[in-house]
Each structure stands twice: as C-alpha cells, then as structure tokens.
Amino acid sequence: MNDNPIIEFDEARCLQLLAGASLGRLVTVNDGRAEIYPVNYVLSREGKLYFRTAEGSKLAELTVHPDVLFQVDHIVDRSAWSVVVRGHARRLEGFDEINRAEELDLKPWIPTLKYNFVEITPEKLSGRGFTFGEEPERYSS
C-alpha cells in the first residue's frame, strides 16, 4: 500500500481478492431485520459467487428477498482488505446449472448435507485496503 492508510479498489481488484478467499458473510433481510451467515464459497470465472446450503431460514430468506450483501475480509500482518458485494441471489434449479456448479468443487466445510446451490450475481462491488498504524495525535500544538 502507499502513504494513504485507506485505498479504494476497483472492480477488477475486488474480483481478484474474492477469487483468492473462501469464507464470507451473507447478509439477508427478512421483515426489516438483517441476518448474517458465514458461508464458504467459490467465485466462478464469470464473476458469480456460489455457496451450498441446507433447507432452512437462510434459503427461505433469500428466496423471498433475493437482494443480498456478501462481505469478505482478510488480515495479513499490518494490513487488511474488505470487499462488499451487493447482488441478487437465487437457488439453482435446473439440472444443467446444478451440474455446472458441481464442477466448481464446492464442498461443505462441516459434515452436513447441503443439497442446495445458491448463486449470487454481483450488481455492485466495492473494496478497500487498509494499512494498520498508530492513531495520529488528536490535538497538535
């Protein structure tokens, strides 16, 4: 990073960072309340995010309200980055699209059955990089 402790990333850099990570947080809204879920994911060559889930509130919420946020963060030594995806989620239905998703080698991290594939199509990507450091002097003489 440079002298500025905060750097804005363009879309290409956001996608590059998303491709190198595998754990993110899905944010849904149901009845005016935000819910957040950690999920492991993959990014396809086309720039779409995929994760697997079991039946339950997460799947029900995004079926009713498909507009979602997805956030991925990473910290290394004295720097960090954060990428936020605003997008549209949908459960994959067709045999062909499920088979294509299977080719992404997306496996659950915990020993549970997760038959449903969800695709998030990004509508807007934003990201920032941060360099850690001491807080500047608040009041200078």
Side-chain angles (χ1 to χ4, degrees), residues 1-140:
M1 301 207 185
N2 60 25
D3 292 337
N4 185 351
I6 302 171
I7 297 174
E8 299 278 334
F9 295 142
D10 62 14
E11 185 174 301
R13 179 67 174 140
C14 289
L15 288 170
Q16 181 184 38
L17 292 169
L18 288 171
S22 59
L23 177 65
R25 288 174 297 285
L26 173 73
V27 179
T28 63
V29 176
N30 187 22
D31 290 331
R33 294 183 57 115
E35 299 289 339
I36 190 165
Y37 304 95
V39 296
N40 66 299
Y41 74 96
V42 295
L43 181 74
S44 71
R45 285 187 301 246
E46 298 79 27
K48 294 184 179 184
L49 298 162
Y50 292 87
F51 67 91
R52 291 173 54 180
T53 188
E55 299 290 330
S57 58
K58 183 183 335 155
L59 187 60
E61 288 170 11
L62 63 87
T63 301
V64 174
H65 299 286
D67 292 325
V68 298
L69 292 173
F70 193 83
Q71 182 179 15
V72 178
D73 301 309
H74 189 70
I75 298 173
V76 177
D77 298 323
R78 303 211 23 94
S79 65
W81 58 261
S82 179
V83 173
V84 176
V85 177
R86 182 175 303 278
H88 185 82
R90 70 178 186 90
R91 179 179 158 201
L92 300 184
E93 301 283 342
F95 182 74
D96 288 341
E97 65 184 2
I98 291 171
N99 278 344
R100 281 192 300 278
E102 288 277 6
E103 293 174 5
L104 296 172
D105 198 32
L106 178 60
K107 305 285 187 221
W109 283 2
I110 58 174
T112 58
L113 295 174
K114 297 183 177 177
Y115 293 114
N116 300 289
F117 283 86
V118 175
E119 171 191 89
I120 299 174
T121 302
E123 296 170 357
K124 181 180 179 186
L125 295 167
S126 61
R128 291 180 175 184
F130 308 95
T131 301
F132 301 147
E134 295 298 320
E135 179 181 21
E137 192 65 37
R138 287 183 190 225
Y139 307 104
S140 57

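The distance from the CD atom of E55 to the CG atom of L113 is 11.5 Å, given to the nearest 0.5 Å. To the nearest 0.5 Å, atom CD1 of residue I120 and atom NZ of residue K48 are 11.5 Å apart. Interatomic distance, NZ of K124 versus CZ of R86, reported as 6.5 Å (0.5 Å rounding). Between N116 atom CG and L59 atom CG the span is 5.0 Å, to the nearest 0.5 Å. Atoms OG1 and CD, on T121 and E46 in that order, are 10.5 Å from each other to the nearest 0.5 Å. Taking CD1 of I7 as the reference point, atom CH2 of W81 lies at 14.5 Å (rounded to 0.5 Å).
Of all heavy-atom pairs spanning V83 and C14, the tightest one is CG1-CB, 3.9 Å. A pairwise comparison of heavy atoms in D10 and R13 identifies OD1-N, 2.8 Å as the closest pair. For F51 against L62, the heavy-atom pair with the smallest separation is CZ-CD2, 4.0 Å. Between L106 and Y50, the shortest heavy-atom contact is CD2-O, 3.5 Å. Shortest non-hydrogen contact noted between A89 and V118 is CB-CG1, 4.1 Å. Nearest heavy atom pair, residue P122 against residue V85, reads CB-CG1, 3.7 Å.
Between the side chain of R128 and the main chain of I6, no donor-acceptor pair closer than 3.5 Å is present. Counting only distance, with no hydrogens or angles, the side chain of N40 and the backbone of S22 share no donor-acceptor pair below 3.5 Å. No donor-acceptor distance shorter than 3.5 angstrom exists from the side chain of R25 to the backbone of I36, with no hydrogens or angles considered.
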Q. Can V39 and T53 be said to form a side chain to side chain contact (heavy atoms under 4.5 Å, CB included), step by step?
A. CA-CA 8 Å; V39 296; T53 188; over 6 Å; no
Q: Tell me, with the steps shown, if L15 and L125 meet side chain to side chain contact (heavy atoms under 4.5 Å, CB included).
A: CA-CA 8 Å; L15 288 170; L125 295 167; 3.7 Å; yes
Q) Does the pair E119 and L49 meet the rule for a side chain to side chain contact (heavy atoms under 4.5 Å, CB included), with working shown? A) CA-CA 6 Å; E119 171 191 89; L49 298 162; over 6 Å; no
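Legend: residues meeting side chain to side chain contact (heavy atoms under 4.5 Å, CB included) with E93, ordered by chain and number and at least two apart, are R91, E97. Listed by chain and number, the residues in a side chain to side chain donor-acceptor pair (under 3.5 Å) with S126 amount to none (sequence neighbours excluded).
The closest side-chain heavy-atom distance from N30 to H65 is below 4.5 Å. With contacts defined as side-chain heavy-atom distances shorter than 4.5 Å, the pair V76/H74 qualifies. When side chains are defined from C-beta on, K58 counts as touching L26, because their heavy atoms get closer than 4.5 Å.
Judged as a side chain to side chain donor-acceptor pair (under 3.5 Å), not a single pair has a partner in residues 100-111 (not counting sequence neighbours).
Aromatic ring pairs are classed by plane angle as parallel below 30°, tilted from 30° to 60° and perpendicular above 60°; the pair Y41 and F70 is perpendicular.
Heavy atoms from other residues, nucleotides or ligands lying under 6.0 Å from CZ of F132 number more than 12. Other residues, nucleotides and ligands place more than 12 heavy atoms under 6.0 Å from the CG atom of N99.
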